[in-house]
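Below you'll find the structure, written out as structure tokens, and then a few comments.
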Amino acid sequence: MSTTQVPYFAFRDYPAGIAQQVEEALLGALLSQQYILGEAVEQFESEFARYVQAGMTIGVGNGYDALVVALKAAGIGAGDEVIVPANTFIATVNAVVQVGAIPVLAEPDRHTCNLTAAEAAAHVTSRTRAVIPVHLYGQACEMDGLMALAQQHQLVLIEDFAQAQGASYKGRPVGGFGRVSATSFYPTKNLGALGDGGAVVTSDPELAAYAHMYRNYGQQQKYHNQIIGINSRLDALQAAVLCIKLQHLDAMNSERQRLAQVYLTALQGIGDLVLPVTATGCTHVYHIFNIRSRQRKALQLYLSAQGIQTAIHYPVPVHLQEAYTWLGYGTGNFPVAEELAETSLSLPLFPGMAEAEQGAVIANIQTFFERHG
Ligand SMILES: *Cc1c(COP(=O)(O)O)cnc(C)c1O
């Protein structure tokens, strides 16, 4: 039995030297005395746009605001229906409500856990205006079908790629498929800041101009307000940090993928475990390494007793959240989302995780199933 303590997530100096580079960038931003918007924000915006192969990036305060700004820019509002997956972080759905639109939930695919065109199509009505695929856990959604569906019904395709910076579909990075897309730089995301941050990405100049104004009180020129906007600007210090982190994003994602392969090989065929499945044409950057078991609760308790932290993404599907009873859904409406909520467990996986740490996770899972299998 192992006594190695394994955190669910930790900030490590990976790749080596990045911590020092981040410190220097922070100091530089401090000395520049440009704290709101300005050069560092603009530099990050242009580098991130290039990275996701989209025309423009508009840095905002957090991932939730990015979704709200994206929806507003796309003209989504009162009475519009927006199709969203039933298993996602609550931000995706709250943002739809924030702009006055109605979230319409759809089942995820039972293998990839992502929204598919077939599931989304079942919910299209004459009021549907947009669809928001979420590249959940870090795996790109199968975009061909979703883009065709959006085109067929003239829906705005909005990607939520908060968990999947650097993932791609058929060789193209996620974030660049939607008419407009949103992401988060919450510290633990694959591309994480040292506080809150987010971005809207679009190749449509009109939407970009709207987002640009909307995040800054609706003004293009100081004190001249064209629309009623909000204050949600990417912080300049965070932008300086993100410029450094972006340079290492591919290396950090490759390390996540290497760690995931170790888990996939070692945990295959154990007990009733269901391991993550990556669809053809999609890449997975393992923001979350999600396993499933009917014995999730006992397994989590056992690992915890051995000093191994895990997490659950997410214990309650959107349609069964108290905040969403008004949508009128109930138990049994989305069996796949409900099963995911009951059986999912997220294992520790982060760049810089030590071999001994991962070995301890694997050994303890094996021991658990030898006793409970
Ligand atoms: C993290 C996350 C968000 C929200 O990001 P914040 O920066 O925390 O507001 C939105 N959608 C998904 C899928 C996320 O994982």
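Residue numbers start at 1 and run along the sequence shown. Keep in mind that this is a model prediction, so the values were computed, not measured. One-based numbering, in listed order, for ligands and for the atoms of each.
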Discussion item. Among all protein heavy atoms in this structure, tell me which lies nearest to atom 8 (O) of ligand 1, with the distance rounded to 0.1 Å.
Written reply: Tyr186 CD1, 3.8 Å
Worksheet item: Using the benzene-type ring in the case of Trp, are the ring centres of Phe89 and Tyr186 under 6.0 Å apart?
Response: no
Discussion item. Quick check on His135 - does any of its heavy atoms sit under 4.0 Å from an atom of ligand 1?
Written reply: no
Worksheet item: Does the side chain of Pro348 come within less than 4.5 Å of Ile308's, by heavy atoms?
Response: yes
Worksheet item: Side chain, backbone, both or neither: which part of Val134 has a heavy atom under 4.0 Å from ligand 1?
Response: side chain
Item to complete: Taking the side chain as every heavy atom from C-beta outward, state whether Leu237 and Val241 have any pair of such atoms under 4.5 Å apart.
Response: no
Worksheet item: Among all protein non-hydrogen atoms, which one is nearest to atom 1 (C) of ligand 1, and what is the separation to 0.1 Å?
Response: Lys189 NZ, 1.4 Å
Worksheet item: Sub-3.5 Å donor-acceptor pair from the side chain of Tyr14 to the main-chain atoms of Glu255, do we have one?
Response: no
Worksheet entry | Sub-4.5 Å side-chain heavy-atom contact between Phe185 and Gln238 | no
Worksheet item: Can a cation-pi geometry be assigned to Arg172 and Phe177, taking NZ or CZ under 6.0 Å from the six-membered ring centre and within 45° of the ring axis?
Response: yes
Worksheet, complete the sentence: Closest to atom 6 (P) of ligand 1 by heavy-atom distance, out of Gly138, Gly61, Gly63, is Gly63
Practice prompt. Considering heavy atoms of the protein only, find what lies nearest to atom 9 (O) of ligand 1 and give residue, atom and distance to 0.1 Å.
Written response: Tyr64 N, 2.9 Å
Discussion item. Please find the pair of heavy atoms, one from Cys243 and one from Glu47, that lie closest to each other, and give the distance.
Written reply: SG-OE1, 3.8 Å
Worksheet item: When only distance counts, is Gln163 in polar contact with ligand 1, meaning an N/O pair under 3.5 Å?
Response: yes
Worksheet, complete the sentence: Note: ligand 1 atoms sitting under 4.0 Å from heavy atoms of Ala162 are 2 (C), 3 (C), 10 (C), 11 (N), 12 (C), 14 (C), 15 (O)
Worksheet item: Which protein heavy atom lies closest to atom 11 (N) of ligand 1, and at what distance to 0.1 Å?
Response: Asp160 OD2, 2.8 Å
